[in-house]
Amino acid sequence: MRLLLVEDDDHVAAALSAVLARHGFAVTHARNGEEALQALLPGDAAPFGVVLLDLGLPDQDGFEVCGRIRKRTGIPVIMVTARADTRSKIHGLNLGADDYVVKPYDTGELLARIHAVARRIPQDPGPGPDDAPGSTLRLGGLTIELPTRRVSVDGLAVPLTRKEFDLLALLAQRPGVVFRREQIISEVWQTSWEGTGRTLEVHIASLRGKLRMPALIETVRGVGYKIVVPSA
């Protein structure tokens, strides 16, 4: 798999590139945001499978780079940064990042996350019949169109990242049913790795904020999450 590493520190990039190469990745190193965006332009080479994006870049903030990448392509993006605060994580995920890894990290953890996002190939099933059974979910003012992956609240579109939509759709298809954290991670992230749990919490927080329906997704302490059907 081709991997784009966006990192301004040559020593860090060299060490990480060597590790990734030993695990079968063909690494292209970009030292700043503009190099990264140029590397993602269509060409003769096979497309990248994953982008590892540092946020502290010399020419532009990594958040801006992520937003520009997401406008061009659906390639999975993993932010790798020393910014550990929850607000930065939510902001990154809202921009379309698929995961967020805080430095310093364990190499095995990073590899697990790379493989997890790479296994989830983006799918666009295209629009289906409007009357197909279960194609549209309605929970109070929330409408989820499964074939087109569109979400709206009271008629207003709510843009979600790929994983946010998958998470919401999973819970919404069985309202009132408690989904265990392990089950959600397995179905949405397609991994059983325990470290994904923090990412799940960040995605839940992001969904609550975007939908502006904080009571819709209820935390069942020690177990997981469930959708609470809004009262009429």
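Bear in mind the structure is a predicted one, so any value in this text is a computation, not a measurement.
Under the 4.5 Å side-chain heavy-atom criterion for ILVMFWY residues, no single connected hydrophobic cluster contains both Val228 and Ile184. Transitive grouping of hydrophobic side chains (ILVMFWY, heavy atoms separated by less than 4.5 Å) brings Leu20 and Tyr105 into a common cluster. Connection of Val177 to Ile204 is established within a shared hydrophobic cluster, with ILVMFWY side chains joined at heavy-atom distances below 4.5 Å, either directly or through further cluster members. If you chain together hydrophobic residues whose side chains sit under 4.5 Å apart, Met79 and Ile75 never meet in one group. Linking ILVMFWY side-chain heavy atoms closer than 4.5 Å, directly or via other members, places Leu3 and Leu111 in a single hydrophobic cluster.
Closest approach of Ala82 and Val102 over heavy atoms only: O-CG1, 4.3 Å. Minimum interatomic distance between His115 and Phe25 (heavy atoms only, all atoms of both residues): CE1-CZ, 3.8 Å. Smallest separation of non-hydrogen atoms from Gly96 and Cys66: C-SG, 4.4 Å. Closest approach of Asp8 and Pro58 over heavy atoms only: CB-CD, 3.6 Å.
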- [ ] Check the pair Gln183, Leu170 against side-chain contact (heavy atoms from CB on, under 4.5 Å), reporting the backbone distance first and the verdict last.
- [x] CA-CA 10 Å; Gln183 180 183 359; Leu170 174 67; 5.7 Å; no
Open item on the list: For Asp9 and Lys103: C-alpha separation, side-chain torsions, deciding distance, then whether salt bridge (Lys or Arg N to Asp or Glu O under 4.0 Å) applies.
Closed with: CA-CA 13 Å; Asp9 189 318; Lys103 298 177 181 179; over 6 Å; no
- [ ] Report the C-alpha distance between Leu137 and Leu142 in whole Å, list the side-chain angles of each, state the deciding distance to 0.1 Å, and finish with yes or no for side-chain contact (heavy atoms from CB on, under 4.5 Å).
- [x] CA-CA 8 Å; Leu137 306 176; Leu142 173 66; over 6 Å; no
Task: Stepwise side-chain contact (heavy atoms from CB on, under 4.5 Å) check, Glu201 with Arg181 - done: CA-CA 10 Å; Glu201 294 173 2; Arg181 294 166 57 89; 3.5 Å; yes
Task: Criterion salt bridge (Lys or Arg N to Asp or Glu O under 4.0 Å) on Glu164 and Arg149, from CA distance to verdict - done: CA-CA 11 Å; Glu164 287 171 351; Arg149 300 176 68 85; over 6 Å; no
Open item on the list: Please evaluate residues Val202 and Tyr100 with respect to the criterion side-chain contact (heavy atoms from CB on, under 4.5 Å), reporting the C-alpha separation (whole Å), side-chain torsions for both, the decisive distance (0.1 Å), and the verdict.
Closed with: CA-CA 10 Å; Val202 172; Tyr100 193 105; over 6 Å; no
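Side-chain contact check for Ser17 versus Leu5: some heavy-atom pair is nearer than 4.5 Å. Side-chain atoms of Leu216 and Leu207, non-hydrogen and from C-beta on, never get closer than 4.5 Å to each other. Asp54 is not listed as a side-chain neighbour of Val6, based on a closest heavy-atom distance of 4.5 Å or more. Side-chain atoms of Leu93 and Thr161, non-hydrogen and from C-beta on, never get closer than 4.5 Å to each other. Leu167 has its side chain within reach of Leu200: a pair of non-hydrogen atoms, C-beta onward, lies under 4.5 Å apart. Looking only at side-chain heavy atoms (C-beta outward), Ile227 and Ile217 come within less than 4.5 Å of each other. Side-chain atoms of Pro76 and Arg162, non-hydrogen and from C-beta on, do get closer than 4.5 Å to each other. No side-chain heavy atom of Phe63 sits under 4.5 Å from any side-chain heavy atom of Leu57.
The CG atom of Leu95 lies 13.0 Å from the CZ atom of Arg68; values are rounded to the nearest 0.5 Å. The CG atom of Leu37 sits 8.5 Å away from atom CG of Asp59, with the distance rounded to the nearest 0.5 Å. Of the inter-residue distances, the one linking Arg174 atom CZ with Phe179 atom CZ reads 5.0 Å to the nearest 0.5 angstrom. To the nearest 0.5 Å, atom CG of residue Leu55 and atom CD of residue Glu64 are 12.0 Å apart. Residue Met213 holds its CE atom at 12.5 Å from CZ of Arg208, rounded to the nearest 0.5 Å. With rounding to the nearest 0.5 angstrom, the CD atom of Glu7 is 8.0 Å from the CG atom of Leu16.
Heavy atoms of other residues, nucleotides or ligands lying less than 6.0 angstrom from CZ of Arg70 number more than 12.
Using a distance-only test at 3.5 Å, with no hydrogens or angles considered, a donor-acceptor pair links the side chain of Gln173 to the main chain of Ala169. Under the 3.5 Å distance criterion, the side-chain polar atoms of His203 are matched with a main-chain donor or acceptor of Thr199.
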